[in-house]
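Below you'll find the structure, written out as structure tokens, and then a few comments.
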Protein chains: 2
Amino acid sequence: MNTESIYDYLERIANLIRTDVRKTGVAKGLQPVQLEALHYLSRCNRYSNTPVAVADYLGLTKGTVSQTLGVLESSGFIEKQADLNDRRVVHLNLTVDGARVVSDAIPPNILKSAVDGLSETSRNEITATLNQVLRELQTANKLKTFGSCKTCRYHLTQEDGRRRCGLTMEWLTEADAEKICREHQPTAESV
Amino acid sequence: MNTESIYDYLERIANLIRTDVRKTGVAKGLQPVQLEALHYLSRCNRYSNTPVAVADYLGLTKGTVSQTLGVLESSGFIEKQADLNDRRVVHLNLTVDGARVVSDAIPPNILKSAVDGLSETSRNEITATLNQVLRELQTANKLKTFGSCKTCRYHLTQEDGRRRCGLTMEWLTEADAEKICREHQPTAESV
DNA sequence: GTCAATAGGTATTGTGTCGATACTAACTCT
DNA sequence: AGAGTTAGTATCGACACAATACCTATTGAC
């Protein structure tokens, strides 16, 4: 059984990357988790930029995430904004600083230089197998998928090309369709 | 460029696994890092079971690791043993409890169930591409490889099948040859 | 419509990670 | 013999993280 070696590789790769992220993050006053939260917020849609969504995505409790977000707010990387319809809900928006820090630090340099050494076909192969691992993790363990809007079961495309969400019935822009949604459901054939 | 998507997948996979490891680890009173340290100690050779080696492997400072090892010692998962030749050096040995906890928790269940859903060829493909990513990370960033003894540049095999280390000139058992060494150097053709 | 259940969020407390700095002891090299 | 180096520990402060408790707003059952 090579489950062990798959785990060994993943653990090792994750450690190397994490060390690198820590090193470059510390220079900007950011912990690895903080950077991951910012990274998520830079890619999620307007339904998914809330504390619970971040907690779900990172697999942490809402209490823990609340603290981390507090640090990020006081450091000026995010801003909180009350929801208009549901007064319990808070939306998190990246500040200019927050956005810049994400695009500077991600993807980490250690990975950039590693991928530079790979052929185009190798890159595609790696992307495909990682995709496969992730999907298998998600389906085998019944986890939320956090996929991009346009790959969602509820994503509707009309004849005129306009898009809308089958759950909220809201219209979506092309940019919306690329973003991560916390309500994402994989399509039938992809399960 | 798909460096970003490779990073996205790796980050996501690492988070899912880490969450699972945390959950099952907490039940046994172990933090994720503690489990990784134990996991390393369960696989490394007798030159590599020291605090500095653990620190190098995990990419942390020796101070940090010293603390973590202190916790592991007082919880009864490892024992410290003075080196006979160099009185600065401490060797770390897993206790029975420590060994059991590693074999219980690793590989994590989330990964086991995911890998169960894969075909034999998929598994081999995944193992191969992860191997490629790791090697590329290591060579492109000139990191220590921490490979297994038998794949080392200094590993010598005699005509009678006996093995020895070209650095220490010590004889090696078959079991030794499988273990992780902190002095590991990749062979010429693998660079 | 009212009241219980639920969901989003914060506050507090305790344990542990982590780096930085400083320190001791032992080894090496010249 | 003395300078530099290496293995390891100690201490401090910032932060991660879970658990618990708590508040407010929404939902849902009747």
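Quantities reported herein were computed from a predicted structural model and do not represent experimental measurements.
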Per-pair distances, 0.1 Å, donor-acceptor, side chain in residues 58-65 of chain A, under 3.5 Å, sequence neighbours excluded:
unit_1	atom_1	unit_2	atom_2	d
A:T61	OG1	A:T64	N	3.3
A:T61	OG1	A:T64	OG1	3.0

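Only B:Q31, B:V33, B:Q34, B:L60, listed by number, bring a heavy atom of residues 27-60 of chain B to less than 4.0 angstrom from any atom of DNA chain C. If you check residues 64-77 of chain A against DNA chain C, the residues with a heavy atom closer than 4.0 Å are A:S66, listed by number.
You can see that DNA chain D meets the heavy atoms of chain B within a 4.0 Å-exclusive cut from D:dT6 to D:dA18, reading 5' to 3'.
Looking at residues two or more places apart in sequence or on another chain, you find a ring pair (Phe, Tyr, Trp, His ring centres under 6.0 Å) between B:Y7 and A:H39. With sequence neighbours excluded, the residues satisfying side chain to side chain contact (heavy atoms under 4.5 Å, CB included) with B:V89 are B:T50, B:D83, B:D86, B:H91. Scanning for salt bridge (charged side-chain N to carboxylate O under 4.0 Å, His left out) contacts around A:E159 gives an empty result, with sequence neighbours left out.
The salt bridge (Lys or Arg N to Asp or Glu O under 4.0 Å) analysis of residues 136-147 of chain A, with sequence neighbours excluded, yields the pairs A:D56-A:K144.
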Summarise how protein sits on nucleotides 21-30 of chain C as a single string, 5' to 3': B when a protein heavy atom is under 4.0 Å from the base, S for sugar-phosphate-only contact, - for no contact.
-----BS---
With both pairing distances under 3.5 angstrom for Watson-Crick or G-U wobble, and | for a partner in another strand, the correct string for DNA chain D is ||||||||||||||||||||||||||||||
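Taking a 4.5 Å side-chain heavy-atom cut-off between Ile, Leu, Val, Met, Phe, Trp and Tyr, the cluster of B:L156 contains only that residue. Applying the under-4.5 Å side-chain rule to Ile, Leu, Val, Met, Phe, Trp and Tyr, the cluster around B:Y154 extends to B:L167.
Comparing B:K80 and A:R18 by the nucleotide of DNA chain D whose heavy atom lies nearest to each, the residue mapping closer to the 5' end is B:K80.
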